[in-house]
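Notes follow once the structure below has been shown.
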Amino acid sequence: MRSPRRCSRNGCPRQAVATLTYVYSDSTAVVGPLAAFAEPHTYDLCEPHARSLTAPRGWELVRHDGDFAPPPPTTDDLVALADAVREAARPAPPSPRADDEERLPGHQTGRRGHLRVIPPSH
């Protein structure tokens with residue numbers, strides 16, 4: 001399943017809302033709304049990184065005026081939401097019953113899976 005596009009900045013987990021493109025022939029960096037498709041040589045940015053970006057020295061920065069709108073949900077987003085709802089609706093596994101525990105005379109034994117915890121004998 002495809003995940004939503006994330007900010008290209010290292011370590012940033014935020015959702016991308018803008019695309020940065022460098023126009024090398026004009027020495028211009030352009031920050032605009034998120035492109036419809038991720039393309040080579042462009043960078044997806046979250047809103048804080050899109051707003052704080054500066055251009056290299058000697059370059060012009062053209063920035064989109066106005067708010068950066070988050071991208072509309074895709075069919076993948078709807079499928080992920082449906083899967084999450086199905087997972088949350090699954091019944092919880094039954095809790096262990098008291099009579100499932102094994103007991104030894106004079107000692108209480110706890111059981112977890114295939115391992116047993118037996119208290120030391122005195």
Side-chain angles (χ1 to χ4, degrees):
M1 180 183 304
R2 189 180 62 124
S3 63
R5 287 161 54 187
R6 300 283 175 203
C7 183
S8 297
R9 296 290 296 262
N10 285 340
C12 183
R14 295 183 194 101
Q15 184 177 11
V17 296
T19 298
L20 166 65
T21 307
Y22 289 108
V23 182
Y24 293 97
S25 60
D26 296 333
S27 298
T28 303
V30 180
V31 178
L34 187 65
F37 301 100
E39 297 190 23
H41 309 293
T42 64
Y43 303 91
D44 293 338
L45 299 173
C46 63
E47 186 158 3
H49 285 125
R51 298 258 178 240
S52 64
L53 182 87
T54 58
R57 185 174 299 174
W59 283 55
E60 182 181 352
L61 176 63
V62 176
R63 192 186 319 264
H64 168 74
D65 286 335
D67 293 331
F68 290 107
T74 65
T75 55
D76 289 344
D77 295 334
L78 297 176
V79 170
L81 179 60
D83 289 343
V85 169
R86 273 191 224 101
E87 183 68 28
R90 285 192 183 146
S95 60
R97 297 183 333 214
D99 59 4
D100 286 344
E101 293 181 356
E102 295 181 10
R103 298 179 189 279
L104 295 175
H107 294 289
Q108 187 172 358
T109 307
R111 182 178 173 117
R112 290 190 168 179
H114 67 282
L115 302 176
R116 292 185 200 153
V117 179
I118 302 175
S121 56
H122 297 286

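The structure presented is a predicted model; accordingly, all values stated were derived computationally and were not measured.
Not a single donor-acceptor pair under 3.5 Å links the side chain of Thr19 to the backbone N or O of Gly32. Panel note: side chain Arg6, backbone Cys12; no donor-acceptor pair is recorded below 3.5 Å.
The shortest heavy-atom contact between Ala29 and Trp59 is N-CE3, 4.0 Å. Heavy atoms only, all atoms of each residue included: Cys7 and His49 are closest at SG-ND1, 3.4 Å. Nearest heavy-atom pair across Leu20 and Val31 is CD1-CG2, 3.8 Å. Closest heavy-atom contact between Ser52 and Arg63: N-NH1, 4.2 Å. Heavy atoms only, all atoms of each residue included: Arg5 and Ala36 are closest at NH1-O, 3.4 Å.
Follow the hydrophobic side-chain contacts under 4.5 Å out from Val30 and you never reach Leu34; the two are in separate clusters. The cluster map of Ile, Leu, Val, Met, Phe, Trp and Tyr, joined by side-chain heavy atoms under 4.5 Å apart, puts Val17 and Leu61 in the same cluster. The hydrophobic clustering, which links ILVMFWY residues whose side-chain heavy atoms are closer than 4.5 Å, places Tyr43 and Leu53 together.
The local environment of CZ in Arg9 is sparse, with at most 12 non-hydrogen atoms from other residues, nucleotides or ligands closer than 6.0 Å.
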